[in-house]
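These notes concern the structure reproduced below.
When a ligand or atom number is given, it counts from 1 through the structure's own listing order. Just the heavy atoms: all of them, side chains too, but no hydrogens, waters or symmetry mates, feed the values below.
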Amino acid sequence: STFRPSQPPASCRRRIVMFPMPFQGHITPMLHLANILHSQGFKITIIHTEYNAPNRSNYPHFTFRSISDRFSEIPAAELSASYCIKYLNNYCLDPFRKFLAELLADEEEEEKVSCMITDAAFYSTQAVADELGIPRLVLETNSLSCIVASDILLSLSTLPKDPEALVMEFPPLKLKDVGKGNTDPKGMGEVMVNTRNQMKASSGIIWNTFKELEEYALETVCQDYRIPSFTLGPFHKYFTASSGGLIEQDRNILSWLDTQAPKSVVYVSFGSVARITESDFQEMAHGLANTGLPFLWVVRPGVVRGSEWLESLPEKFLESVGDKGRIVKWCPQPKVLAHPATGCFWTHCGWNSTLESICEGVPMVCSPCFVDQPINSRCVCGVWKIGVILEDGFERDGIETAIKSVMVNEEGKEMRKRINSIKDKMNLSLEKGVVGPHLVSLLQDSNGSADV
Ligand code: UDP
């Protein structure tokens with residue numbers, strides 16, 4: 001079901017400038033948040049980069065402004081996450097400042113900008129906020145647990161040597177996850193430190209999560225960051241119709257799902273960024289086929305290194321699978337997860353995917369690739385106990401066993417019970433309404449003259 005924020009819209013609310021990081025997992029939650037705040041009476045201006053520009057026609061109620069990012073000038077060899085984030089922070093800053101200064105100089109009384117909400121990873125925007133005297137709130141698109149765990153990792157001077165050893169300060173995390181999470185320690189470390197410092201300098205953090213799921217991490221963040229934290233998620237449950245999708249979705253797949261038995265289908269997707277090798281891809285194909293279960297597999301073009309799309313599938317794979325398996329380039333994921341035929345989600349554990357799965361009570365098989373994904377998958381399996389991790393990577397027998405443990409075994413039934421109970425708590429928390437007066441007052445007016 002879809003929830004509506006409970007507070008009635010106030011007609012006189014002011015304008016919020018929002019600035020997402022231009023990656024799918026960041027743009028979607030920012031646009032969902034924009035919709036939530038618009039429903040509360042705020043006017044919305046989205047500033048976006050030319051790279052991965054959102055589809056404006058889906059949001060006629062927002063004002064959009066594109067700024068130059070020079071993204072196309074990044075040499076292909078430098079396309080690591082940390083390099084891109086640092087690059088965008090450098091090159092977007094001047095056009096962002098210029099646009100905001102113009103907007104502030106021009107604005108009519110009723111159009112006044114009251115604050116900006118920028119992606120946590122756009123750390124350089126805090127300086128603009130300070131300079132122009134506009135409060136900055138941060139949207140953190142990662143889980144609370146991920147921020148707490150990575151803060152701990154940043155503070156550790158020595159790490160245990162055994163890859164299977166637990167990181168004592170955050171027990172579900174193993175040493176091997178740290179290496180996997182941080183493939184680029186120097187670059188990503190710098191991004192993380194900058195993000196944290198500028199988050200602490202901001203007026204507040206908005207999280208796409210719910211309190212009942214990450215209570216311990218929320219308490220820790222509130223203590224450590226000493227600025228207000230607002231858990232408004234899961235954002236996508238407010239307005240399921242809106243989509244910040246950058247890739248065209250194959251919607252025909254929903255009618256194929258209609259023909260499948262309840263909870264029978266394995267849904268597989270590794271999000272918008274992760275990439276795998278050709279041999280991992282082939283093991284995935286064999287593992288899936290060997291389960292004998294129906295599957296829906298999103299193979300994003302480019303996900304397999306060195307392949308355009310499906311060239312490296314095992315020979316005659318599609319013929320042998322027949323109508324039992326479907327492969328698509330991209331799908332309406334939240335709808336697929338909400339479909340009664342979907343039985344489990346084999347995921348890379350990006351935060352949006354993890355949250356979307358929890359919201360629909362779909363247990364997970366986890367194949368984390370990098371950054372926050374190893375931490376999220378440890379929470380899924382070690383803390384919430386609603387999935388299993390493919391510890392040994394991509395190997396057909398391990399894949400078959402893991403999928404069956406979630407889909408057919410007793411273990412899977414227990415996971416389903418636990419995830420449904422978390423889902424019920426989330427529904428209750430959404431019904432209570434989460435955009436409270438404290439947040440409205442911060443967003444509405446830095447001088448505290450909000451009509452709350
Ligand atoms: N997604 C989608 N269709 C697909 C696969 C993914 O709409 O076929 C969406 C998914 O619903 C999620 C986002 O893409 O909102 C992926 O974000 P996530 O944080 O899980 O991973 P990332 O792409 O950032 O690695």
Side-chain angles (χ1 to χ4, degrees), residues 20-33 35 52 54-55 58 79-82 84-85 119-121 139-147 180-181 183 188 207-209 233-254 256-257 265-276 295-303 309-310 326-339 342 345-360 362 364-377 379-380 387:
M21 251 302 144
F23 305 110
Q24 182 70 75
H26 293 246
I27 291 179
T28 304
M30 185 67 93
L31 290 170
H32 283 318
L33 177 62
N35 264 338
N52 272 349
N55 183 350
N58 288 337
L79 276 172
S80 71
S82 66
C84 293
I85 292 174
D119 193 292
L139 168 61
E140 178 50 83
T141 59
N142 285 308
S143 62
L144 273 157
S145 306
C146 166
I147 298 302
K180 210 173 186 185
T183 46
M188 210 22 119
W207 301 87
N208 186 15
T209 186
F235 299 164
H236 74 282
K237 289 303 279 182
Y238 291 89
F239 302 100
T240 45
S242 71
S243 147
L246 299 167
I247 310 177
E248 198 187 333
Q249 299 172 339
D250 184 333
R251 299 184 75 84
N252 297 328
I253 205 63
L254 296 172
W256 176 78
L257 281 174
V265 175
V266 182
Y267 169 58
V268 190
S269 165
F270 287 177
S272 62
V273 188
R275 300 180 76 201
I276 55 172
F295 63 84
L296 166 57
W297 187 4
V298 174
V299 180
R300 189 186 83 243
V303 70
W309 194 36
L310 302 179
R326 284 292 166 99
I327 298 184
V328 297
K329 291 183 174 163
W330 198 247
C331 75
Q333 181 168 296
K335 288 208 161 46
V336 166
L337 288 168
H339 197 287
T342 303
F345 183 11
W346 182 6
T347 170
H348 69 312
C349 275
W351 183 238
N352 293 288
S353 295
T354 307
L355 201 55
E356 286 160 10
S357 208
I358 291 174
C359 287
E360 304 307 337
V362 177
M364 286 162 260
V365 173
C366 308
S367 288
C369 298
F370 46 62
V371 201
D372 60 325
Q373 300 154 17
I375 300 173
N376 295 336
S377 60
C379 290
V380 165

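Checking side-chain atoms of Thr141 against main-chain N and O of His26 turns up no donor-acceptor pair under 3.5 Å.
Where the criterion is an N or O separation shorter than 3.5 Å, residue side chain and backbone included, Thr354 fails it with respect to ligand 1. Note: an N/O pair closer than 3.5 Å links Asn352 and ligand 1 by distance alone. Considering backbone and side-chain atoms together, Pro332 places no N or O closer than 3.5 Å to any N or O of ligand 1.
Contacts between Trp351 and ligand 1, counted as non-hydrogen atom pairs separated by less than 4.0 Å, involve the backbone only. Here His236 has no heavy atoms under 4.0 Å from ligand 1, in either its backbone or its side chain. Under 4.0 Å from ligand 1, not a single heavy atom of Arg300 appears. The side chain of Ser269, and not its backbone, has at least one atom closer than 4.0 Å to an atom of ligand 1 (non-hydrogen atoms only; side chain from C-beta on).
Those atoms of ligand 1 with a heavy atom of Pro334 less than 4.0 angstrom away are 11 (O). Of all atoms in ligand 1, numbered sequentially from 1 with element shown, those under 4.0 Å from a heavy atom of Gly271 are 23 (O).
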task: Start with the C-alpha gap between Phe270 and Thr347, add the side-chain angles, then the distance that decides, and say whether side-chain contact (heavy atoms from CB on, under 4.5 Å) holds.
output: CA-CA 5 Å; Phe270 287 177; Thr347 170; 5.6 Å; no

message: Under the criterion side-chain contact (heavy atoms from CB on, under 4.5 Å), I'd like the reasoning laid out for His348 against Phe370: C-alpha separation, chi angles, the key distance, then a yes or no.
response: CA-CA 9 Å; His348 69 312; Phe370 46 62; over 6 Å; no

message: Working note: Phe345 + Val266, criterion side-chain contact (heavy atoms from CB on, under 4.5 Å); need CA distance, chi angles, decisive distance, verdict.
response: CA-CA 6 Å; Phe345 183 11; Val266 182; over 6 Å; no

Test side-chain contact (heavy atoms from CB on, under 4.5 Å) applied to Cys84 and Phe23, step by step: CA-CA 10 Å; Cys84 293; Phe23 305 110; 4.1 Å; yes

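Atom 13 (C) of ligand 1 has its closest protein heavy atom at Gln24 CG, 4.1 Å. Nearest to atom 20 (O) of ligand 1 among the protein's heavy atoms is Ser353 OG, 2.5 Å. The shortest contact between atom 21 (O) of ligand 1 and any protein heavy atom is with His348 NE2, 3.0 Å. Scanning the protein heavy atoms around atom 11 (O) of ligand 1, the nearest turns out to be Glu356 OE1, 2.6 Å. Closest to atom 7 (O) of ligand 1, if we only count protein heavy atoms, is Cys331 O, 3.3 Å. Annotation: atom 9 (C) of ligand 1 to nearest protein heavy atom, Trp330 CZ2, 3.8 Å.
One side chain, Ser143 or Asn376, offers a donor N or O that lies under 3.5 Å from an acceptor on the other. If you check the side chains of Gln373 and Ser377, you find no donor sitting under 3.5 Å from an acceptor. Side-chain polar atoms of Trp346 and Ser367 form a donor-acceptor pair below 3.5 angstrom.
Between Gln249 and Pro332, the closest heavy-atom pair is OE1-CB, 3.5 Å.
Here the shortest heavy-atom distance to atom 23 (O) of ligand 1, taken over Gly25, Cys369, Ser272, Pro29, belongs to Ser272.
The closest approach between Lys329 and ligand 1 stays at or above 4.0 Å for every heavy atom of the residue.
Under the 4.5 Å side-chain criterion, counting only non-hydrogen atoms from C-beta, Asn35 is not in contact with Tyr238.
A salt bridge is absent between Glu360 and Lys335; no separation between the charged side-chain nitrogens and carboxylate oxygens falls under 4.0 Å.
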